[in-house]
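Below: one structure, written as structure tokens.
Letters A, B, ... mirror the listed sequences (proteins, then strands); counts begin at 1.
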Amino acid sequence: MQFWAVIVDSFRESLDRKIFWVLIALSCLIALVMLSVGFTGDKISFFFGLWETETEFYSPVTQMGPTRLVGAVVYFFLAALLGWIGIVLIIIATAGMFPEMMRLGAIDVVLSKPISRARLFLYKYISGMVFVAVQGAFFVVLTFLVMGLRWGVWRPGYLLSVPLLVLLFSYIFCVSVYVGVKTRSTVAAILLSIGAWALFAVVHQAPQVFETFPSLKEHAAVYHTIRVISWIPPKTGDFDYLAARAAGVGTSLDVVPMPGTGEGGAMTELDRQQLAAARDVEERQLLKDPVASIGSSLLFEAVVVLMAMWSFVRRDY
Amino acid sequence: MEGLTEMTNWAVDLIDVRKTYGRTVEALRGVNIQVGRGEIFGLLGPNGAGKSTLVKIMMTVVRPTHALGTLLGRPLGHRGKLERTGYLPENHRFPHYLTGAQVLDYYGALGKVPRTRRRAKAKELLDRVWLTQWADTKVDKYSKGMLQRLGIAQALMNDPELIVLDEPTDGLDPVGRRDVRELLIELKNMGATVFLNSHMLSELEMVCDRVAILVQGLVARQGRLAQLTERAIEYRITAAKDLADAHSKLAVLGASVDGRTVRLAGDELGKVNEAIDILRERGIPIESVEPQRFSLEDILVEAMGDGAVAPAPIARPAKG
Ligand SMILES: Nc1ncnc2c1ncn2[C@@H]1O[C@H](COP(=O)(O)OP(=O)(O)OP(=O)(O)O)[C@@H](O)[C@H]1O
Ligand SMILES: [Mg+2]
């Protein structure tokens, strides 16, 4: 009962935020754009049939077409829009949850209730996920239905993006909560958590830089240190690949036509080499063990959450 | 060691409560307070005396540096007893996105009041504090008085045995204050214990059975209101004729003479009788002898004037 009370309260808090409705509107807009695209045979039409052209690449009646279509949605809408801009907006919207609850005069009543501080903290933390879960589910289910009903492409694996989005968000949210509990400042929580996200991405990418430039690999000690360090922060950068893998769509290079630099857009030998190298990097990401990626990230999250909880439980109000 | 039965007799029994904020701010320096069941108890004191800190320790909002004692017969912080307690903090603020009815429902649920009971109780309480028409309006539209009334309603959602109110009449107009007083008496008549902080002295005088005066983190006075105010601050003897004859003799006693009135500061009956003797020796008829009693305000001012207040002994006032 107390759990539901906290969840419902947080949901009401979400509904009160403009960002909540902005995101819903954005999801609807994306779904509408997707809805306006249709296929007849090997023809693709835009703006509800206003403009039509031939396509072999995306046509759902070909063997690879459906996968490429889902892939385009995963990489360009889900990962790039929701996985970045959406998450930033949700971080902004949820950063105030703890500072708001901990305001003098507000926290007093809550703490006087027959509920332990640790439990209260955890309930509130979990309810922070409600925002992203609702938004993620709305976007994913909506686009899933558009793909199925409009294009005839049903990809149940795509639905796994919802829990993946919640996970991605939680990796950053834990930092936001930690800062929020420590400083009781929403602004600090927003800035530092987004800063931490950038840092995670940099640290996570560092070993790849070494791998792309073989000459750097000679500094073996440095390389290994960086690899070990890169294992510590949450793997926010893996989201695209985890979602792509769940939906079974291959690398981002497979989902758009790649024109070559040769005459009439033909592939030159150099193009082919570069493409192969880039694809190789992405494929290695796709082959990463999801359990290791998620597990190590959750470990980091657990440590940060415990530190935040400790601070929340021990302080005076 | 007290027997368990005796411990449970008090609604609130605080023993040697200390709180130091950080390293240096000694907000409470060993507070002992006992509140009997079914009484209205007033905690009085100047700003910064530590009243809110004490109440927050009772309600587990602040962690004491040291504290013994019980709430409703169980150690401080006992969940089951918090479930039976209602609390209105000072300067409370409710989530602005909730309506009045939602506030009551939310805090009721946190207080483990079952859903159907919450519905009925919220309706009843909103009606009791005249907020029925505002039930579905967000609280950021409420006036200060309405918020205060909603806060009190919130504290009553779980039909508490003990109600702890920190400045309940803060921000209320005289009519609102009278309503709160009536509500408190109503609660008392229903068997609840009320513990309230206030610096509105006249208010306490009107409703409290017992009071404690907190000064600089220590209890300077504690007792039944009647008992505390029973001491005289001065005696006034009014004679039937002019007192010129007795002037010098009375001055030796330390009395001040003004026309036909003799004023003796303090509460010493011996001196009063000596003064009467002086007057009678001179054949001056006495019209009246009147003690001037302490008001709560006088007591507070006196307690604050004591400066270094000694820690009150762990004496247990007779319960009555
Ligand atoms: N969270 C805190 N951190 C540090 N010092 C505090 C804190 N809360 C209160 N104090 C200090 O403790 C002392 C007692 O404060 P408290 O609020 O208990 O007094 P009060 O009697 O309720 O005063 P008022 O009548 O103004 O409400 C004050 O000196 C105050 O500055
Ligand atoms: Mg106070």
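Interface residue B:Leu98: only side-chain heavy atoms are found under 4.5 Å from chain A. Using a 4.5 Å cut-off between heavy atoms, B:Val164 makes no contact with chain A at all.
Summarising the geometry of B:Gly111 relative to A:Pro114, their closest heavy-atom pair is CA-CD, 3.9 Å, with the distance given to 0.1 Å. In plain terms, the two heavy atoms of B:Pro89 and A:Gly105 that are nearest each other are CG-O, 4.0 Å.
Between chain B and the options A:Leu120, A:Val110, A:Val8, A:Val109, heavy-atom pairs under 4.5 Å are most frequent for A:Val109.
For A:Tyr178, the side-chain hydrogen bond (donor to acceptor under 3.5 Å, both in side chains) test picks out no residue, with sequence neighbours left out.
Contact of the B:Leu110 side chain with the A:Val6 side chain is registered, since non-hydrogen atoms from C-beta on lie closer than 4.5 Å.
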Do chain A and chain B have donor-acceptor pairs under 3.5 Å, and which are they?
residue  : atom : partner  : partner atom : Å
A:Gln2   : NE2  : B:Leu110 : O            : 2.8
A:Asp9   : OD1  : B:Tyr97  : OH           : 3.2
A:Asp9   : OD2  : B:Tyr97  : OH           : 3.2
A:Leu104 : O    : B:Arg93  : NE           : 3.4
A:Gly105 : O    : B:Arg93  : N            : 3.2
A:Leu111 : O    : B:Thr60  : OG1          : 3.1
A:Lys113 : NZ   : B:Gln154 : OE1          : 3.2
A:Arg117 : NH2  : B:Thr60  : O            : 3.0
A:Arg117 : NH2  : B:Val61  : O            : 2.8
A:Val313 : O    : B:Arg63  : NH1          : 3.4
A:Asp316 : OD1  : B:Arg63  : N            : 2.9
A:Asp316 : OD2  : B:Lys19  : NZ           : 2.5

